[in-house]
Amino acid sequence: MQLKIYNTLTKIKEDFVPVDSNHVRMYTCGPTVYNYAHIGNARPAVVSDLLVRVLRFLYPKVTYVSNITDIDDKIIKASDETGVEIGVITAKYEKIYNEDMQSLNVLKPDKQPHATEHIDDMIALIKKNIINNKAYESEGHVLFDVSSYPSYGKLSKRDADDQIAGSRVAVASYKKNPGDFILWKPSSENQPGWDSPWGFGRPGWHLECSAMSENCLGIPFDIHGGGMDLVFPHHENEIAQSCGSCNEGHNPQAYVKYWIHNALLNMDGEKMSKSLGNILYIRDLLKEYPGEVLRLALLSAHYRQPLNLTKDVLAQSQATLNRFYRNLNKNESIDSCSDFLEYLPNGFLESICDDLNTSKALASLNEISKKLSSSSSSEDKKKFKTQLLACGYILGILQEEPRQWLGISNGSDSADSKTVEQLVLNRDTARKNKDFEKADQIRNVLLDMGIEIEDSPTGTVWRKIKK
RNA sequence: GGCGUCGUACCCAAGUGGUAAGGGAGCAGUCUGCAAAACUGUCAUGCACCAGUUCGAAUCUGGUCGACGCCUCCA
């Protein structure tokens, strides 16, 4: 199956043709670790994770790299404000980020490099840019000279000159051109820094991704991902400095072949941002919803469409997953095939290979789920259950034990369970005696305890529900 | 000022030239003591509006209106 992805660089949906079809290489910008991860941070991670799962299905070897940025002015600021050491802050929030991603079923990247471990690579990258006349030193800073790179602006479709008129930034005195950006800047005594040919200082904020992606993957590599807001200036600058380091003036694909960018998350139609104070942290959402619900909500719209994250959307995702899990639970006794990925149905694959059309893929899941519940032969049931689990795996959902997801008792012998079991038995007795008033009364008691019951031909099952 | 995205039913959301996927909610029904679940049926002669191109337009072109993003830290 041919994977197609929309390439921000060319502005069209393209057939994905890897540089080396025996080894696909991908990089996605990871977090700057100075605060809790919010749900917006999760979108690129989830989308990249989905793409990686698809690539792993299609190609023999995939290396996926996503970084941790642990040196940055935002972190310095957070440290100044709280008095907490930088290393303590970054270690804390990196751990939290990874835990949160795990709860969203995001598989860990093959490599998760830290910016502070690649300062040497960054210095080497700057040196190459200076040698190639792409960068210059000025007042202790090293800047990239955008006028030296003819393809500057190709990714974001921007012309530097056109932007100056409306620019809201004062041009620093040490810049030759207003669009020049910092590769290295001086640090004061009490700021973090490293010795370099240009004095004690620290890297500019685009450099780490160029250095780490090249170090971990080599260039050119196949896919670079991130949020739409990174297209300019972050990714534009990455291309400039990486191409500058190998003295490639015209072809941005000397660095990366395909650029993919996810649209941003909205809250009530407005972007999620600190200044608007409408940030939803993953930590907080996880108190109310399983991570899988958050993941499905993020995948319910196409990744290049803005997504308005509302209670409604989350409730719908919850309902969808409940329905699938109930269906799986009903067919618990049916074994699925262990090599389940071999059973991915074509319709699903086509949708997902069409620039990750998750909405359409979800329609396939519904179809399969329907077939599973309506088929009568165990052979068919096995086939459709396997398909459902296989599609679920690619999407990163449906891998939990259905009974556990639904909160159905396993006959565990906790005191609580015993009470419930006894009440259920009492109700069944009442029902047999046609004492429906008593039966309903017991049901209400159970409901107050947060227990929902379902009568079925094979007996009554109960499960814990959220109050 | 420059660049760009979007507007599809009550809600979410695919579809980008061949006559509107899917899900949720609602309604009707089957089943059930009831409930829940499941299943079946129903739910946009129309895709912001206007004009044009075409045998044919949600889809292409031009315009209008509306919402939003980037150019400044951001995923």
Side-chain angles (χ1 to χ4, degrees), chain A residues 8 11 13 28-32 34-35 37-48 72-74 77 153 156-170 179 205 225-234 236 261-266 269-275 279 296-298 300-302 304-320 322-323 326-327 329-330 347 351 354 357-367 369-370 373-374 406 430-432 434-437 439-440 443-444 447 452-457 460-463 465:
Chain A
T8 312
K11 317 284 184 280
K13 205 193 278 182
T28 296
C29 288
T32 301
Y34 67 104
N35 199 350
H38 60 75
I39 188 68
N41 296 118
R43 178 120 100 148
V46 167
V47 169
S48 296
D72 181 275
D73 287 3
K74 288 191 294 292
K77 194 177 164 214
S156 55
K157 221 179 157 189
R158 265 162 229 264
D159 179 51
D161 294 335
D162 284 348
Q163 299 210 28
I164 295 161
S167 175
R168 281 170 275 167
V169 214
W205 56 281
M228 213 74 110
D229 54 343
L230 295 182
V231 174
F232 189 91
H234 187 59
E236 195 71 73
H261 291 99
N262 59 277
L264 306 187
L265 243 45
N266 292 149
E270 275 183 311
K271 79 164 191 168
M272 196 183 283
S273 75
K274 285 182 200 100
S275 50
I279 303 255
L296 185 62
L298 290 174
S300 65
H302 185 86
R304 283 190 287 113
Q305 297 295 342
L307 175 64
N308 209 8
L309 200 79
T310 60
K311 277 201 156 76
D312 256 16
V313 167
L314 292 166
Q316 280 190 23
S317 298
Q318 175 79 259
T320 301
N322 286 351
R323 187 157 38 84
R326 256 196 289 263
N327 198 182
N329 183 238
K330 219 166 60 181
S351 304
D354 183 13
N357 192 335
T358 45
S359 315
K360 212 170 163 185
L362 240 26
S364 291
L365 277 203
N366 279 306
E367 197 188 323
S369 180
K370 249 179 204 171
S373 65
S374 62
L406 296 166
R431 287 173 68 219
K432 272 182 197 134
K434 307 269 185 213
D435 186 354
F436 297 122
E437 202 176 315
D440 289 348
R443 180 165 58 200
N444 286 334
L447 212 51
E452 193 175 66
I453 53 175
E454 258 181 57
D455 295 326
S456 78
T460 302
V461 294
W462 60 272
R463 62 168 178 270
I465 52 166

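Order of the sequence lines fixes the chain letters, A, B, ..., with proteins taken first and strands second; residue numbering starts at 1 for each chain.
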- Task: Report the residues that fulfil ring-ring contact (aromatic ring centres under 6.0 Å, His included) with A/His234, sequence neighbours left out, ordered by chain and then residue number.
- Result: A/His206

- Query: Which one is paired to B/rC60, where only Watson-Crick or G-U wobble pairs with both distances under 3.5 angstrom count?
  - Reply: B/rG52

- Under a 3.5 Å limit for both distances, which nucleotide forms a Watson-Crick or G-U wobble pair with B/rG26, could you say? B/rU42

- Message: Can you identify which nucleotide, out of B/rG22, B/rA38, B/rA75, has its nearest atom closest to the A/Lys330 side chain?
- Response: B/rA38

- Message: Restricting to salt bridge (charged side-chain N to carboxylate O under 4.0 Å, His left out), what partner residues turn up for A/Arg323, sequence neighbours left out?
- Response: none

- pair_partner(B/rA9), Watson-Crick or wobble, both distances < 3.5 Å, evaluates to none

- Message: Whether A/Lys74 contacts B/rC73 is assessed here as follows: a side-chain N or O lying under 4.0 Å from the phosphate OP1 or OP2. Is that the case?
- Response: no

- Message: Tell me every residue that passes side chain to side chain contact (heavy atoms under 4.5 Å, CB included) with A/Asp440, counting only those two or more places apart in sequence or in another chain.
- Response: A/Arg443

- Item | Side-chain donor-acceptor contact under 3.5 Å, A/Asp72 with A/Thr32 | no

- So which heavy atom on A/Pro44 is nearest to which on A/Gly227, and how close? CB-N, 4.4 Å

- Message: Pair A/Arg158, A/Glu236 - check side-chain contact (heavy atoms from CB on, under 4.5 Å), show working.
- Response: CA-CA 10 Å; A/Arg158 265 162 229 264; A/Glu236 195 71 73; 5.5 Å; no

- Message: Regarding A/Leu230, tell me which of base, sugar-phosphate or nothing describes its non-hydrogen contacts under 4.0 Å with the strands shown.
- Response: sugar-phosphate

- Query: Do A/Ser359 side-chain atoms and A/Ser300 backbone N/O form a donor-acceptor pair below 3.5 Å?
  - Reply: yes

- Query: Taking the nucleotide of RNA chain B with the closest heavy atom to each, which residue, A/Asp72 or A/Pro233, is nearer the 5' end?
  - Reply: A/Pro233

Contact list (N/O, under 3.5 angstrom) for nucleotides 9-14 of chain B vs protein:
residue : atom : partner  : partner atom : Å
B/rC11  : O2   : A/Gln316 : NE2          : 3.4
B/rA13  : O2'  : A/Ser359 : OG           : 3.3
B/rA14  : OP1  : A/His302 : N            : 2.8
B/rA14  : O5'  : A/Ser359 : OG           : 3.2
B/rA14  : O3'  : A/Asn357 : ND2          : 3.1

Enumerate all atom pairs, one protein N or O and one N or O from nucleotides 32-36 of chain B, separated by less than 3.5 Å.
residue : atom : partner  : partner atom : Å
B/rG33  : O6   : A/Arg427 : NH2          : 3.3
B/rG33  : N1   : A/Asp440 : OD1          : 3.0
B/rG33  : N2   : A/Asp440 : OD1          : 3.4
B/rG33  : N2   : A/Asp440 : OD2          : 2.7
B/rC34  : O2   : A/Arg443 : NH1          : 3.2
B/rC34  : O2   : A/Arg443 : NH2          : 2.4
B/rC34  : N3   : A/Arg443 : NH1          : 3.0
B/rC34  : N4   : A/Asp455 : OD2          : 2.6
B/rA35  : N1   : A/Asp455 : N            : 3.1
B/rA35  : N3   : A/Arg443 : NH1          : 3.2

- Query: Roughly how far, to the nearest 0.5 Å, is the NE2 atom of A/His302 from the OG1 atom of A/Thr358?
  - Reply: 7.0 Å

- Looking only at side-chain N and O atoms, does A/Lys311 come under 4.0 Å of OP1 or OP2 in B/rG24? no

- Across the strands shown, which category fits A/Met272 at heavy-atom distances under 4.0 angstrom: base, sugar-phosphate, nothing? base

- Pairing partner of B/rC73 (Watson-Crick or G-U wobble, both distances under 3.5 Å): none

- Sequence neighbours excluded, the answer for salt bridge (charged side-chain N to carboxylate O under 4.0 Å, His left out) partners of A/Asp435 is none

- Task: With a 3.5 angstrom cut-off on both distances, give the Watson-Crick or G-U wobble partner of B/rC68, or none if there isn't one.
- Result: B/rG4

